[in-house]
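First comes the structure, then the notes that go with it.
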Protein chains: 2
Amino acid sequence: MKRNTWQREAVREALGSNEGFVSAQGLHSTLRDGGSPIGLATVYRALADLAIEGEADSLQSDQGESLYRACTPGQHHHHLICRSCGLTVEIEADAVEAWAHEVASANGFTEASHVVDVFGLCAACGALAATAR
Amino acid sequence: MKRNTWQREAVREALGSNEGFVSAQGLHSTLRDGGSPIGLATVYRALADLAIEGEADSLQSDQGESLYRACTPGQHHHHLICRSCGLTVEIEADAVEAWAHEVASANGFTEASHVVDVFGLCAACGALAATAR
DNA sequence: GGCGATACTGATAACGACAATCAACCTCTG
DNA sequence: CAGAGGTTGATTGTCGTTATCAGTATCGCC
């Protein structure tokens, strides 16, 4: 049986009110700062559950940290992520989907999945970097 | 100054004689089993160096482990990786390169880089899975 | 509303991958 | 061949994540 607890709800809400990807530990301190006496282990569990249920996307930062973000459920999509501020735009890539399957089967591969994410500097951060230079 | 040591060479060779991606720790035990008294820290350093110099590609496994593989230097490419046996095929994707930059600039992003990897079952592993089923 | 079963929570310990340390060592140059 | 300094490696430290387990909260049922 699956139960609804305020902790799980708090994690879902904290995720939804965030623009970009967040680390589990970051989300935990955010919640703590917001007054919730939620435990770190619970945040990890809730995030893992949300990711499995398709309510959150996860990716690994270049330091190997797991980052999470709320996403529109039941829809396959990729991300355009600002390297500086973490701002994330969901992008669709039907052409890339097709290409991936094509390349896979051309090499005899089946059951193809893929990892496609684009990193860059968003307009704001790009301007900031230009002035700082 | 950069020096040539048999340790660094051993790591390079062990990488080259491998079909798929290997973990640092896995490579270390392989070398140890082969008789080299090489240290774990050295393997990590050598792999990091090779990755920076472009002689090796690295990616993160879904458990957050860093995996390495020898690659043709000075050439941007992506990978088609067998989920079961680790067999890896280097693939080129000019279309995807173009698409990535296009999507990025369409959203005001600059300095776009991207992560594109395709996972699947290679012909051999696919056949194996079919007979086992 | 009360009750019992049981899924959930959370402080902490354990774990695994990786980075830092530092004395001993080896490689290159002159 | 000798000196300088980059390199090594056993060990320790760090950090993110997971397992543990007793206590707690939630839900179905009466």
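The sequence lines fix the lettering, A, B, ..., with proteins before strands; numbering per chain opens at 1. Just so it is clear, the model here is predicted, and its values are computed rather than measured.
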Looking only at the side chain of [X] (C-beta and beyond, no hydrogens), which of the listed nucleotides [options] gets closest?
| X | options | result |
| --- | --- | --- |
| T5(B) | dC8(C), dT17(D), dT7(D) | dT7(D) |
| E65(B) | dA10(D), dA17(C), dC27(D) | dA17(C) |
| R45(B) | dC27(D), dG16(D), dG9(D) | dG9(D) |

Check: Looking at Q7(A), does any N or O in its side chain come under 4.0 Å of the phosphate oxygens OP1/OP2 on dG10(C)?
Finding: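 Yes, such a contact exists.
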Checklist line | Distance test, side-chain N/O of Y44(A) to OP1/OP2 of dT18(D), below 4.0 Å | finding: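 For dT18(D), neither OP1 nor OP2 has a side-chain N or O of Y44(A) closer than 4.0 Å.
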Distance in angstrom units between [X] [atom1] and [N] [atom2], rounded:
| X | N | atom1 | atom2 | answer |
| --- | --- | --- | --- | --- |
| R3(B) | dA4(D) | CZ | C1' | 8 Å |
| L67(B) | dA17(C) | CG | P | 11 Å |
| R32(B) | dT8(D) | CZ | P | 14 Å |
| K2(B) | dA4(D) | NZ | P | 24 Å |
| R8(B) | dT7(D) | CZ | C1' | 8 Å |
| W6(B) | dC28(C) | CH2 | P | 15 Å |
| N4(B) | dT7(D) | CG | C1' | 12 Å |
| Q63(B) | dC18(C) | CD | P | 11 Å |

Margin query: Check whether R83(A) reaches the backbone of E111(B) with its side chain - one donor and one acceptor, N or O, closer than 3.5 Å.
Written below: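 Looks like yes, one N/O pair under 3.5 Å.
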Notebook entry, point to check: Taking atom types as modelled, is there a side-chain donor on T72(B) or E90(B) under 3.5 Å from an acceptor on the other?
Noted result: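 Yes, because at least one side-chain N or O of T72(B) sits under 3.5 Å from a partner of the opposite role on E90(B).
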Check: Does a donor on one side chain and an acceptor on the other come within less than 3.5 Å for S23(A) and Q25(A)?
Finding: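 Q25(A) and S23(A) do not have a side-chain donor-acceptor pair below 3.5 Å.
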Check: Are the aromatic ring centres of H114(A) and H76(A) under 6.0 angstrom apart?
Finding: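 Ring centroids of H114(A) and H76(A) are less than 6.0 Å from each other.
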Margin query: Determine whether the aromatic ring centres of residues F21(B) and H79(B) are separated by less than 6.0 angstrom.
Written below: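 Ring centres of F21(B) and H79(B) closer than 6.0 Å.
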Sugar-phosphate, base or nothing in reach of [X], heavy atoms under 4.0 Å:
| X | answer |
| --- | --- |
| T42(B) | base |
| I38(B) | sugar-phosphate |
| S66(A) | sugar-phosphate |

Item checked: Upstream residue (5' side of DNA chain C) when A41(A) and Q25(B) are each assigned their closest nucleotide ->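 Of the two residues, A41(A) wins.
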